[in-house]
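Chain letters run A, B, ... following the sequence lines, proteins first and then strands; every chain starts at 1.
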Amino acid sequence: MATLNPAVESATASHHGRKGVWSWMTTTDHKRIGLLYGVSSLLFFLVGGVEALLIRLQLAAADGTVLSADAYNQMFTMHATTMVFLVIMPAAAAFTNYLLPILLGARDVAFPRLNALSYWIYIFGGLFLTISFFVGGAPDGGWFGYAPLSTQVTEIVRMDYWALGVQILGLASLLSAINFITTVFTMRAPGMTLMRMPVFAWMATVVAFLLLFSLPIIAVGLFEVFLDRNLGTLFFDAAAGGTPLLWQHLFWLFGHPEVYILILPAMGIVSEVLPVFSRKPLFGRSFVIFSGIAIGFMGFGVWAHHMFVAGLGPVAEATFALTTMLIAVPTGVKIFNWIGTVWGGSVRLATPMLFSLGFIAMFVIGGLSGVTHSIVPSDTQQHDTYYIVAHFHYVLFGGAVFGLFGGIYYWWPKITGKLLNEGLGKLHFWLMLIGFNLTFAPMHILGLRGMPRRTYRYPKGLGFEFWNFIATVGSLTIAVSILIFLINAWRTKARGRVAGNDPWDGRTLEWSISSPPPEHNFDVVPVVHAEDDFWHRKYREDEEGRPVPIPGGGDPLVAGPDDPPIHLPSPSFYPILAAFGMFLTVLGLVYVPLGLVLAGVGVVTVVWGLFGWSMEPLTREEH
Amino acid sequence: MAVLDHTEHAGHPDLGNVRKIAMWAFLGSECLFFGTLISTFLLYHNTTGDGPTAKEIFSIPFTSVSSFVLLMSSLTMVLAHHAAGRKDWRQMRVWLLATAGLGLVFLSGQAYEFTTFVHEGLTVTTSPFGSAFFVLTSFHGGHVAIGVLMLLATTFMSFGGKLHEGQGMNVELVGLYWHFVDIVWIVIFTVVYLLQV
Amino acid sequence: MSEAIDRPHPTPRDYILIAVILFAITAAEVAVTYVDALDSARAPMLIVMSAAKFLLVVGWYMHLRFDRPAYRNLFLIGLVLTPVLFGAVLLSFGLLIGN
Amino acid sequence: MGRSTRVHPGIGRRRRVAIVLLLIAVALLLAACSGNDPTNLSRVVDGANPQSSLDARGPDSATINDLYWLVFWIAAAIFFLVQGALLVAIFRFRQRKGKERAVKQVHGNMRLELVWTIIPVLVLAVIAVPTLSTLFDLRRAPDPGENALQVEVIGHQWWWEFNYPEYGFRTASELHIPVDRPVYLTMTSADVIHSFWVPPLNGKRDALPGRISNLTLQADEPGVYVGQCAEFCGLAHADMRIRVFAESEEDFAAWATAQAQPAVIPSEGPAAAGWETFSTVCVACHAVEGTQAQVRIAPDLTHVASRTSFAGATIDNTPENLRAWLHDPSSLKPMRPDLNKPSQGRILGMPNFHLTDQQLDDLVALLETFK
Ligand code: HEA
Ligand code: HEA
Ligand code: CUA
Ligand SMILES: [Cu+2]
């Protein structure tokens, strides 16, 4: 073994000893930030899950009395807001942060401090939303906060928490979107052309673009809601001539791209997992990538399908029905290519693979019910019923959550160096699959039988009791499966099997480095020669296209004395400071006019943070 | 997309490139931001309730002058950028300060305009037209104000002794932002003012 | 700058020339609003003129004409998306048509 | 288990802890005992799923159903094909223990890609045609020749106002319609967005403040059809229900004639005493035709006794329930009367007037005369 490049050595040494809370608070390492995102979103998943369980308990029987109407309305609003903005989006951000640079062969993202800022804004935003439970009640206007209900000032602060919380969470996402786009455009390793980028990296890129162009719309909408509530503007005041429909357009112009923001990362994960566990490259790789891009574009053209009963007029409704149906085509292309990947492979049913296959099966159900919503006349019966609730849990839970769990099991050994227990993993999968279907399949029936969503109770005599009870049992089953996952994670920490660099016989660059990866990711920046470059290092194909191992092909690259020195971003305290300032600002704004003092302190803190940031000596170049 | 030319750096991004990509992405996003505000305004341009209408209240000569001021600040900005390209830091500072000055003139014009409107009975709470008008123009004004701060900070930092390599790029980035705020005003001036009278 | 592309960069003289054109167009815009005879042609004329100003600033002052296409593409997506999306929204409110 | 739907600003901390601790125990408890049944739906409707959208009782609802089932079966076919292919792929190509196969590295197939792009497009085209034609059909207003009954619908937090302009009376949350005749609803809202939905008769339609929307209802046979406000409208959205009584033309005409009669103020007995209270307290919000009570920010009470239910069609209209309502309205339905601002037209529920037992009895007696 050649000796290490001195630069590698010093980079390893200088970062090795860093431990403790302070090092996490000031970290600018994309992997640590990814971990922070991951752990936080998991915690919020428990919060959102407990909220869901309370909902289910309340609905277990007719005229339930577990929650008051008021508490129930807070519960489903916060359940959705938590799951969407504090769980799925940050979980995707966790994977993107941790993996994107590695998949591209880079040592970090383009703007490491900006990256830290995104995380800290997110975590303060999540905190901000959650403390609302303890100070006069949480938001209670539904996760899409329809005006003028959301601007009707009944509870003085609740929807202010929502408007401002979602606002700064949006800011966090916007910053990371810019960061990821720049990373993809400028930080790829030599030879890593765009078409050689792993599909997960591609989907992360599409997501970043969706965020980039949809968040500003909701930002304006949220400002308008906030100003209507606090400054007396009349954007959504019908009596003065404002139109509530404007809010619906603004929300769904964001909201529909948002649902693809939630699903595309999972689709990217599945596209990585299926080939590895089928021992075959992704079938129709470029079609999978282009259909992802197509979904991104078309996602901007269907928003009004959430407004089919709002009275847009038949011409607009017909147009949006057609665009909505069309989105099934690129999505179908993905599904079929995934099946094509499995077909003819050598399928290993390890836990990541189970979750990915579960993803396909469940997502198809949700997608097909989505197509039934696009049939406008039918949707006038389905809209705002549990049939819709069933649809979006099939795509969000059956889709996004299954996909993300697949990713967790797949990359856990890379991130922690230890393999999760397979037996417990499989138990988790099967229990979750069963529990999930028990919970949400009955909701199709309930919805078609006329059960409206967002109702804290239902009377006897409508025939809703039985399936609701089943759904509640199902949700408790899901909870048990999640507990099993937590136990698995805990056990693995203590006595998990050591993974090694490449436990699954992976195809992409992350498997070429140690588990967990060193802080600088690559001792040598890899030069990429093909898609699935690492696989091609390990195997060549014989005449019939079958893989033949190349001896020693998977060994890590070792730096030579000529390799350029490694730059790593230095830690910085300013991101967390600036984010804290934003927290103070929005907290103050909730309590106008008195809170303006606090908001002022917040703004000063933000300015301080940003000023310190820009003055920070660039001992190391800002990447 | 011919974004990358990898021969020039192996894993070492070219600083300017990275930040410019980020800035352009941000500006692409800002298009949607102002697009939303302007559309809100268009939706409500006639919803004036009992309050004054656009025709009654806008003073085109006045706004034309402040539009002109903002346009010219783009000229001074691009000259500052040009000077920075030549590493003529002195001239760069002059033009930067001129730009900031013009920006401040524009802002005072806006402050004056707002006060007259309030006196004539148009506030954010008068009508949806008033809400949309004030919110749109003050978000634009806010952008101008941030731009002024950035210009001043850049000038200030260029005094700070060593002028490091990133200086030219700083000016270029501030410039992009500044010009963008200017083109937004070009649209606002036409759509919000001229088309409504 | 390092990413200069084949086309020659404008000089301060070009910049000033553009400023003069911008000024002229603005003057024309304002003038148009005062000519009553132009009533029906006014809106299209104004839109064309402001688009011209827009392009001048973006193309020359912001160097988009001379820079890498990637910048242009990033910006263009936003620029094209905006009128398309909001055109549809305003259409659905019955604006844009019939007035 | 008693009702405890009083409004808390948050959930009490103790309660929260208890809930978390007793998660599963509560679930079981719940199944065993739930709240009482103030609605008593079985008194008016029968069938296992009276609110079902699949059980069409009118032409529009039936058309929608036909379309739904067409799409459903197409979707079901796709479902079986896709899941089948997936299962076959998994089981046929599953790696057996210890037998690793080196599989051919297939990268894709252009022709297949084309096939599975084009076939879905064709399927969608097949779906799109009936969708669009049905859509335009259903959005059509009834022709003048169809002699449609006009009803104005106004959504309120949290009850429905129905106004019969041809007859000049109003009612609340209970709609009477003639069978086999289209009923053309002209809808709007007094406050936030609501959505009118009676699934057996038609799909739903939002009622928005500051905007008019329309919906046609038509029932094939006499009966009671139940529905629900479908757009989340705040605290008591769940308790904003609808009952539609479809009657023969004669029954409907008789009902309408009766409803158009003004109320008569009782001159003696407890009802007359009740009027004392009513004319001082209740007139601030409720109208009673033929009297000086003419404020219409709460349900019209002229014929309240003729209704089967009250409070957004959630409570069975019995003297006991009425009494309980007048005693403490928010105990029967979550409301926020403390936030009422009548001057701004904002009413979020009926306040508790802390009436004496005597007043309560008298008022109930009075209301029972409003037949
Ligand atoms: C991950 C999130 C996600 C995803 C991916 C989707 C995907 C889709 N959604 Fe969904 N949707 C939501 C999340 C999502 N949705 C949420 C959260 C809501 C409710 C919001 C709220 O009200 O709170 C909602 C609501 C919603 C509505 C509004 C309903 C209403 O409120 O009245 C509609 C209407 O058209 C719709 C349609 C679709 C369609 C057509 C797709 C398509 O993209 C699906 C495409 C996929 C397939 C079709 C399956 C695979 C394809 C094939 C196997 C090919 C062959 C198929 C055919 C030829 C049909 N969705
Ligand atoms: C990604 C998004 C996502 C996810 C994952 C979920 C997950 C779940 N959802 Fe969610 N849901 C939404 C998004 C999501 N939901 C949205 C957008 C809405 C619309 C809201 C609106 O109308 O505004 C909604 C609404 C909604 C409703 C309708 C409410 C109504 O309309 O009145 C219901 C009802 O059953 C429900 C149930 C559930 C359940 C049972 C789960 C379960 O799958 C949850 C499973 C998780 C757990 C069970 C956590 C495990 C917990 C433990 C193991 C506890 C132990 C630990 C500790 C105590 C520390 N959801
Ligand atoms: Cu009214 Cu919901
Ligand atoms: Cu959608």
Side-chain angles (χ1 to χ4, degrees), chain B residues 1-5 8 14-17 20-21 23-36 38-40 42-43 45-46 60-61 63-64 67-68 71-72 74-79 81-83 85 168-169 172 175-176 178-180 182-183 186-187 189-191 193-195 197, chain C residues 1-3 9-12 14-16 18-20 22-23 25-27 29-30 32-34 42-43 46-58 60-64 67-87 89-90 93 95-96 99:
Chain B
M1 272 173 264
V3 183
L4 259 199
D5 169 7
E8 61 184 62
D14 141 10
L15 265 185
N17 197 351
K20 252 170 101 174
I21 290 264
M23 180 52 87
W24 277 110
F26 173 68
L27 295 183
S29 176
E30 288 272 271
C31 286
L32 275 295
F33 187 85
F34 280 105
T36 313
I38 292 173
S39 311
T40 305
L42 280 176
L43 183 63
H45 73 284
N46 271 334
I60 294 301
T63 314
S64 305
S67 302
F68 175 69
L71 267 182
M72 287 309 112
S74 263
L75 175 63
T76 53
M77 185 69 235
V78 80
L79 291 175
H81 175 207
H82 195 81
M169 186 43 71
E172 174 157 16
L176 285 178
W178 188 264
H179 295 307
F180 177 79
D182 185 27
I183 58 178
I186 290 177
V187 177
F189 180 56
T190 304
V191 173
Y193 288 88
L194 295 181
L195 277 176
V197 295
Chain C
M1 297 284 114
S2 58
E3 56 275 326
H9 260 216
T11 61
D14 300 329
Y15 291 139
I16 292 170
I18 289 166
V20 172
L22 288 173
F23 172 71
I25 300 181
T26 309
E29 279 189 305
V30 177
V32 164
T33 51
Y34 283 98
R42 184 183 295 148
L46 284 175
I47 288 168
V48 169
M49 285 192 280
S50 80
K53 284 160 72 181
F54 191 100
L55 292 179
L56 279 174
V57 176
V58 175
W60 274 269
Y61 284 0
M62 294 170 93
H63 291 100
L64 206 53
D67 257 338
R68 296 172 189 233
Y71 303 151
R72 181 158 57 228
N73 294 341
L74 278 171
F75 186 59
L76 267 185
I77 304 178
L79 198 59
V80 172
L81 211 54
T82 307
V84 171
L85 296 186
F86 289 103
V89 171
L90 293 178
F93 280 110
L95 252 70
L96 299 191
N99 68 351

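Taking both residues in full, the closest heavy atoms of C:Phe54 and B:Ile186 are given as N-CD1, 4.1 Å, listed atom of the first, atom of the second, then distance. The heavy-atom pair separating C:Thr26 from B:Leu71 by the smallest distance is OG1-CD1, 3.2 Å. B:Leu79 and C:Pro12 get closest at one heavy-atom pair: CD2-CB, 3.9 Å. Nearest heavy atoms, B:His82 versus C:Thr11: CE1-CA, 4.3 Å.
For B:Thr36, the parts lying near chain C are the backbone and the side chain together; criterion is any non-hydrogen pair under 4.5 Å. Heavy atoms of B:Phe180 lying under 4.5 Å from chain C belong to its backbone as well as its side chain.
In terms of non-hydrogen atom pairs under 4.5 Å with chain B, the most contact-rich of C:Leu85, C:Leu81, C:Leu64 is C:Leu64. When B:Leu195, B:Leu176, B:Leu194 are compared by the number of non-hydrogen pairs under 4.5 Å with chain C, B:Leu194 comes out ahead.
Interatomic distance, C:Met62 CE to B:Met77 CE, rounded to the nearest 0.5 Å: 11.0 Å. The line from CE of B:Met72 to CD1 of C:Ile16 is 10.5 Å long, rounded to the nearest 0.5 Å. Annotation: the span from C:Thr82 atom OG1 to B:Glu30 atom CD amounts to 11.0 Å, rounded to 0.5 Å.
At least one side-chain heavy atom of B:Leu32 sits under 4.5 Å from a side-chain heavy atom of C:Phe86. In this structure the side chain of C:Trp60 never reaches within 4.5 angstrom of the side chain of B:Ser74, judged on heavy atoms. Considering only heavy atoms from C-beta on, B:Tyr193 stays 4.5 Å or farther from C:Thr33 through its side chain. Counting only heavy atoms from C-beta outward, the side chains of C:Met49 and B:Thr190 never approach each other to under 4.5 Å. A heavy-atom distance below 4.5 Å is not found between the side chains of C:Leu76 and B:Trp24.
Ring-plane geometry between C:Tyr61 and B:His179 is classed as tilted, the angle between the planes lying from 30 to 60 degrees on a 0 to 90 degree scale.
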